[in-house]
Amino acid sequence: MTGTAHPTAPRLWQRARLHDGRLEFTTPDGLEQALRDGFFHLDRPAGLDLTPGDRFARSFYLPAGDRTHHDPYRGFRHWTAERLGPHQGYYCRDADQTEQFFLEKRWWNTVYPPALAHQATAMRDLALDVLRAVLTHLDLPRDLWDEATGHALTAHGTHTLTFNHFRPDVPRRGLNIHKDSGWVTVLRSTEPGLEAERDGAWHPVDPLPGTFIVNFGCALEILTRATATPVAAVAHRVVRQPPGPGGKPDRFSYALFVDSTLDDSVSPGLFRYEPGTGLHLETGFGRFLDEILHNTYRPDGTGLY
Ligand SMILES: O=C(O)CCC(=O)C(=O)O
Ligand SMILES: [Fe+2]
């Protein structure tokens, strides 16, 4: 060996499929590795049609057509937080390349085209199946699941489908370093650019055809930190997207986020579980979410906690 620095080989991440409500990984220690990495690739279920989401991701920011050329997937900039409530609707970020569209499930049938509302529901059902399958493997009694997860598995949960359009003509970060706030995220992307932090270094997480990327978020990390089965929330970012050669479409992604309820009368917030003494409240969830979102999109700082 000469000691010359070799470019490190790309890391291989874990891959699983859901079968009868269980996660089946392609390697024997896949689950343990995925809990340490904070994410894994998940085979897309047959029959889950991504056409509406992919179309919305490429269109929501474009001006609406006129009466004769109406396209129901365009013209969404006027759906703003003033109309829809906190953290909802169209956002154009100043310090990042992203313009985004956030929508919680109570609005899906009103705002999204019907085929997209259908896809959002299918992605939410998949995300809840993944969360249930992960909880099965944790050091956490089943009778505490609902309380421990801020009722995320029920209709009280905050279930949001968010779109990212990366504007290549904006010379900024792609998407700042952050951890997703909640339990699990089911992410659709088709282009490289995502990077995950592991062992103090940034590693590419390139999309694998036929799969979603599932991220574990802060709520799961906080809950399990003191247990025999700690789960990492992955710190991740998207690198700046250069203007492509003529005709190359812009990078897009979209993600279904499963978060705790925001209703204080249903749950006071995020808990840590300690075997022996049970659940201990760590923080209210509304304030935690406000801070992580605020810090993610600031010009300086990061969306970590
Ligand atoms: O665009 C990506 O690949 C990641 C997006 C992301 O991290 C997010 O929306 O939270
Ligand atoms: Fe994220």
Side-chain angles (χ1 to χ4, degrees), residues 10-11 13 34 37-42 44 50 53-54 56-58 60-61 87-93 95-104 120 123-124 127 130-131 158-168 170 172-198 202-209 211-221 231-242 244 249-259 288-298 301-305:
R11 279 182 77 135
W13 309 110
D37 290 339
F39 68 97
F40 61 94
H41 295 280
L42 176 71
R44 274 202 321 264
L50 300 184
D54 291 7
F56 190 83
R58 294 192 191 288
F60 70 91
Y61 49 88
H87 308 306
Q88 302 295 296
Y90 177 83
Y91 286 83
C92 186
R93 303 300 178 183
D96 301 78
Q97 286 181 310
T98 46
E99 56 184 336
Q100 300 172 299
F101 198 81
F102 291 75
L103 206 63
E104 213 264 323
M123 287 180 69
R124 191 272 312 275
V130 170
L131 178 55
T158 307
H159 304 151
T160 305
L161 184 65
T162 296
F163 290 82
N164 298 303
H165 168 226
F166 295 82
R167 299 162 296 161
V170 173
R172 314 253 163 74
R173 312 178 295 224
L175 179 58
N176 194 21
I177 299 166
H178 68 283
K179 293 181 174 184
D180 295 343
S181 53
W183 299 97
V184 295
T185 305
V186 171
L187 172 70
R188 159 74 166 164
S189 78
T190 59
E191 294 285 325
L194 177 63
E195 294 185 343
E197 203 247 72
R198 195 72 176 89
W202 290 101
H203 302 271
V205 183
D206 291 341
L208 280 181
T211 69
F212 289 119
I213 294 163
V214 172
N215 290 336
F216 300 130
C218 301
L220 193 52
E221 183 169 76
V231 183
V234 60
H236 54 288
R237 66 182 184 187
V238 178
V239 298
R240 179 188 296 185
Q241 299 299 298
D250 297 347
R251 187 181 190 279
F252 72 81
S253 65
Y254 53 94
L256 189 292
F257 295 93
V258 176
D259 281 288
F288 183 86
L289 181 64
D290 288 350
E291 278 177 19
I292 217 156
L293 289 173
H294 176 73
N295 291 335
T296 298
Y297 300 108
R298 269 174 30 184
T302 56
L304 305 175
Y305 69 101

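For the single chain, residues carry numbers from 1 onward in sequence order. Just so it is clear, the model here is predicted, and its values are computed rather than measured. In each ligand, atom 1 is the first atom listed, and ligand 1 is the first ligand listed.
A donor-acceptor pair is defined here as one N or O able to donate and one able to accept, closer than 3.5 Å; no such pair exists between the side chain of Glu195 and the backbone of Val205. Here the side chain of Glu104 pairs no donor or acceptor atom with the backbone of Thr160 at under 3.5 angstrom.
Look at Gln100 and you'll find every heavy atom at least 4.0 Å from all atoms of ligand 1. Within the 4.0 Å heavy-atom shell around ligand 1 one finds Val238. Residue-ligand proximity: Phe257 is placed with a non-hydrogen atom under 4.0 Å from ligand 1.
Between Ser189 and ligand 1, no pair of N/O atoms sits closer than 3.5 Å.
Side-chain contact annotation: Arg198 with His203, donor-acceptor N/O pair under 3.5 Å absent. Between the side chains of Asp180 and Thr185, at least one donor-acceptor pair of N or O atoms lies under 3.5 Å.
Aromatic ring centres of Phe166 and Phe252: separated by at least 6.0 Å. Close placement of the Phe39 and Trp13 rings is indicated, their centers lying within 6.0 Å of each other. Aromatic ring centres of Tyr254 and Phe163: separated by under 6.0 Å. Between Phe102 and Tyr91, the distance from one ring center to the other falls under 6.0 angstrom. Less than 6.0 angstrom separates the ring centroid of His165 from the ring centroid of Tyr61.
Each of the following atoms of ligand 1 lies closer than 4.0 Å to a heavy atom of Asp180: 10 (O). Ligand-side atoms of ligand 1 in range of Phe166: 1 (O), range being under 4.0 angstrom from any heavy atom. Taking every non-hydrogen atom of His236 and a distance limit under 4.0 Å, the qualifying atoms of ligand 1 come out as 7 (O). Ligand-side atoms of ligand 1 in range of Ser253: 1 (O), 2 (C), 5 (C), range being under 4.0 angstrom from any heavy atom.
The nearest protein atom to atom 9 (O) of ligand 1, hydrogens excluded, is given as Asn164 ND2, 3.0 Å; this is a heavy-atom distance. Given atom 3 (O) of ligand 1, the protein heavy atom at minimum distance is Arg251 NH2, 2.9 Å. For atom 6 (C) of ligand 1, the closest non-hydrogen atom on the protein side is Leu175 CD2, 3.6 Å. For atom 10 (O) of ligand 1, the closest non-hydrogen atom of the protein is His178 NE2, 3.1 Å.
Counting heavy atoms closer than 4.0 Å to ligand 1, residue Ile213 contributes nothing at all.
An angle of 90° is found at the Fe ion (ligand 2) between Asp180 atom OD1 and His178 atom NE2, rounded to 10°.
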